[in-house]
Amino acid sequence: MATLLTASPAVAAGPTDRATPTPAASTTAKAVATPSASPTPSPSPTPATTAGKSTITWAPCTEEPEAECGKLAVPIDWSRPKGQTIDLALARRKATDPKARVGSLVINPGGPGGSGVEAAYGAPGFFTEELQKRFDIVGFDPRGVGRSHPVICSASVFNQIPPAVMKSQADFVKWTAYAKKLRADCRARTGPLYDHVDSVNVARDLDALRAALGEEKLTFYGISYGTLIGQMYAELFPNKIRAMALDSNMDHSLGVKAFLDTEAAAVEDAFDQFVGWCDQEAACALHGKDVRAVWERILAKARDGKLYYPGVTDRPMTEIQVLWQGVLGNEGPAWQLLSEMLRALDGGDPPSWVPPLPGRQPVSGEVAQLPTAILCQDYKLRVRNYKEYAALLRSSKRQAPDMRFNPMPMEDLPVCLNHPTTNPQHRLRYTGNTPILLGNSLHDPSTPYSWSASVARQLGSKARLITYEGWGHRIYGKDECSTVPIDNYLISLTLPPHGFRCEVGGRVETMLKKQKQQRELWPTDKLPWSAPFLASARTSG
């Protein structure tokens with residue numbers, strides 16, 4: 001769920017994406033650099049003449065010449081299809097075996113704030129060779145994100161942001177006033193698009209992209225916050241789906257308390273899994289120590305303002321930035337690196353590679369990008385006063401005695417105070433007949449397994465849920481049995497059986513000649529598809 005936040009030309013920090021170690025994202029780890037160059041090809045694509053009926057002019061991308069880039073004009077306000085438009089940035093990798101080509105596979109890596117352009121750039125490092133043979137893999141930066149008219153705010157206003165966690169009614173009043181000021185500034189800076197960046201609008205853009213690609217029906221793979229785009233598409237265009245695979249789902253039916261409670265429970269469960277691994281594995285840098293005691297010691301040092309992140313000497317690390325370690329180290333998961341980071345924060349040696357400091361931080365330059373606005377328009381996170389807020393915090397802590405809460409939604413919640421919500425939470429209303437494939441790991445710190453299970457119940461007989469009995473955020477690429485069924489469905493519309501569970505290391509009947517194993521990932525690892533978004537600086541949600 002949480003968001004990427006970028007600065008221009010320097011680096012800003014924002015919550016992680018709920019799709020992080022995916023092909024470009026999750027999440028949606030915390031600070032993101034502005035894209036280093038535009039993917040706009042030369043010559044420029046032909047602009048849309050009528051919404052959803054335009055063609056796309058493709059040309060080699062300037063950043064990744066082996067991919068093709070283009071633009072698609074879509075109306076800012078879909079209720080006025082002939083009104084003012086913006087250009088969506090697109091990237092495509094063509095099917096490697098044209099004779100075996102099935103069609104176009106549109107992908108979204110999550111966020112809000114994840115770049116589909118980056119996802120397409122990195123497709124060869126993420127998707128199996130079989131899937132790449134069969135599909136043109138197409139990614140787009142959703143409206144309000146990255147290269148598609150991003151939501152921007154004045155850096156001078158953003159840098160006035162109060163501490164994320166409120167401790168009094170005075171803090172609540174201060175945040176309420178600041179959120180209003182930030183929203184007004186971002187609307188002025190961004191223009192009329194600001195009020196039209198929810199996932200319903202993105203779903204309408206997605207259908208325009210489907211039409212422009214010449215596809216009668218959509219084939220879609222979305223991760224984390226990208227699953228909400230898919231869910232909204234299913235509601236709006238139920239008869240235009242060929243195949244839809246939603247990996248690590250958002251549950252758009254949850255109110256604010258259930259949303260925060262399930263997030264807290266998920267990140268605590270993931271932390272418990274890490275502690276158990278450390279207790280058993282001699283490779284853990286904290287093996288033989290009381291990991292929970294080390295964790296509490298680090299948090300206490302942060303509260304006292306005496307904790308410094310390796311290589312960051314100009315300001316102490318905050319408690320919420322410590323909590324981010326518990327999220328990011330479990331999203332891959334990257335337990336070895338997490339253990340080394342905690343050892344360093346407890347006074348030991350740092351790892352050979354230190355991920356960028358997570359958590360919102362001051363930005364330089366003139367503007368900061370704030371895709372949190374997308375979340376605010378999709379989720380009504382109503383909190384009337386500090387008393388209600390404190391009750392939410394206490395409830396989260398009951399769910400997560402070690403982690404306290406999940407820092408992703410907690411950093412976004414105050415930004416969304418009193419923000420108009422144009423696509424509020426509701427149960428999924430899908431009237432189509434095409435089965436939708438869902439997947440989730442049991443120990444996902446960012447999109448809880450309970451969310452995908454809930455979406456499956458809302459879809460009823462039209463859902464198939466893959467339960468990966470392992471760890472981390474996103475199941476594609478984790479194991480053969482969590483990857484091949486998704487490929488089989490997208491390629492041949494073959495569904496796994498109801499109640500399909502994938503054991504860690506599990507194997508399945510496969511059409512693949514060779515299943516490439518992905519290495520352990522940290523959300524800010526130097527992945528080929530994550531630069532410049534993740535590798536340069538920084539986490540959906």
Side-chain angles (χ1 to χ4, degrees), residues 1-2 17-22 25-28 108-111 199 220-235 241 243-254 258-267 269-270 273 327 330-331 333 378-379 406 408-409 425-430 434-479 481-483 485-486 489-490 495-504 506 540-541:
M1 162 216 92
D17 157 297
R18 285 202 180 281
T20 18
T22 67
S26 102
T27 220
T28 359
N108 183 271
S199 292
F220 180 77
Y221 170 74
I223 310 171
S224 197
Y225 210 86
T227 67
L228 185 56
I229 297 171
Q231 291 172 27
M232 295 302 96
Y233 186 92
E235 285 194 351
I241 300 173
M244 180 172 286
L246 305 180
D247 187 340
S248 305
N249 277 262
M250 300 297 293
D251 183 356
H252 198 231
S253 71
L254 299 177
F259 183 64
L260 296 178
D261 279 355
T262 50
E263 283 278 72
V267 77
D269 169 71
Q273 294 290 309
V327 175
N330 281 294
E331 280 201 337
D378 279 331
Y379 280 84
N406 192 313
M408 286 193 289
Q425 298 97 308
H426 58 273
R427 289 183 64 82
L428 183 55
R429 302 181 290 261
Y430 174 52
T434 301
I436 295 178
L437 183 61
L438 313 174
N440 223 101
S441 70
L442 285 178
H443 306 292
D444 186 328
S446 300
T447 53
Y449 177 78
S450 63
W451 287 5
S452 282
S454 174
V455 173
R457 288 191 297 271
Q458 292 169 50
L459 288 170
S461 62
K462 299 168 186 175
R464 292 290 175 92
L465 173 61
I466 297 174
T467 299
Y468 175 57
E469 296 176 342
W471 308 273
H473 185 48
R474 171 210 25 102
I475 70 169
Y476 190 92
K478 287 288 200 301
D479 266 312
C481 66
S482 66
T483 304
I486 297 176
Y489 167 69
L490 292 173
L495 286 162
H498 284 290
F500 181 77
R501 299 180 75 88
C502 169
E503 297 179 356
V504 176
S540 90

Just verifying a value: how many Å separate Ile436 CD1 and Ile241 CD1, rounded to the nearest 0.5 Å? 4.5 Å
Is a side-chain donor or acceptor of Asn440 paired with a backbone partner of Ala453 at a separation under 3.5 angstrom? no
Determine yes or no for a side-chain-to-main-chain donor-acceptor pair under 3.5 angstrom, with Thr227 supplying the side chain and Leu246 the backbone. no
Thr262: side-chain contact (heavy atoms from CB on, under 4.5 Å) partners, not counting sequence neighbours: Leu254, Pro448, Ser450, Trp451
In chain order, what residues pass the side-chain contact (heavy atoms from CB on, under 4.5 Å) check against Asp261, with sequence neighbours excluded? Lys257, Ser395, Ser396, Gln399
Any side-chain donor paired with an acceptor under 3.5 Å for Tyr225 and Asp378? yes
Does the ring center of His443 lie less than 6.0 Å from the ring center of Tyr449? no
Could you go through the side-chain contact (heavy atoms from CB on, under 4.5 Å) check for Thr447 and Ile223 one step at a time? CA-CA 10 Å; Thr447 53; Ile223 310 171; over 6 Å; no
Does any non-hydrogen side-chain atom of Leu459 lie less than 4.5 Å from one of Leu428? yes
Rounded at 0.5 Å granularity, tell me how far CD1 in Ile466 sits from CG in Leu437. 4.5 Å
State, yes or no, whether a side-chain contact exists between Ile475 and Ile486 at a heavy-atom distance under 4.5 Å. yes
Assess, by modelled atom type and distance only, whether the side chains of His426 and Glu235 contain a donor and an acceptor separated by less than 3.5 Å. yes
Is the side chain of Asn406 donor-acceptor paired with the backbone N or O of Pro445 at a distance under 3.5 Å, no angle test? yes
May I ask you to check whether Phe220 and Tyr233 place their ring centres under 6.0 Å from each other? no
Look at the side chain of Thr483 and the backbone N and O of Asp479, then say whether any donor-acceptor pair between them is shorter than 3.5 Å. yes
Interatomic distance, CG@Asp444 vs CH2@Trp471, rounded to 0.5 Å, equals 13.5 Å
Can you tell me how far CG of Asp247 sits from OH of Tyr468, rounded to the nearest 0.5 angstrom? 11.5 Å
Under 4.5 Å between any side-chain heavy atoms of Gln458 and Ser253, yes or no? yes
Could you pull out the closest heavy-atom pair between Cys502 and Ser482, with the gap in Å? SG-N, 3.4 Å
For Glu263 and Pro409 the tightest heavy-atom approach is OE2-CD, 3.6 Å
Supply the atom-to-atom distance Tyr476 OH to Ser248 OG, rounded to the nearest 0.5 angstrom. 13.5 Å
Which heavy atom of Gly470 sits nearest to which heavy atom of Val504, and what is that distance? CA-CG2, 3.6 Å
Please confirm whether the backbone N or O of Asn249 pairs with a side-chain atom of Ser452, one donor and one acceptor, at under 3.5 Å? yes
Once salt bridge (Lys or Arg N to Asp or Glu O under 4.0 Å) is applied, what residue pairs with a partner in residues 445-472 remain, sequence neighbours excluded? Glu469-Arg501
Counting N and O atoms only, with roles assigned by atom type, does the side chain of Tyr489 sit under 3.5 Å from a partner on the main chain of Met244, one being a donor and the other an acceptor? yes
Measure the CG-CG distance between Leu228 and Asp251 for me, rounded to the nearest 0.5 Å. 10.0 Å
Sub-3.5 Å donor-acceptor pair from the side chain of Gln231 to the main-chain atoms of Met250, do we have one? yes
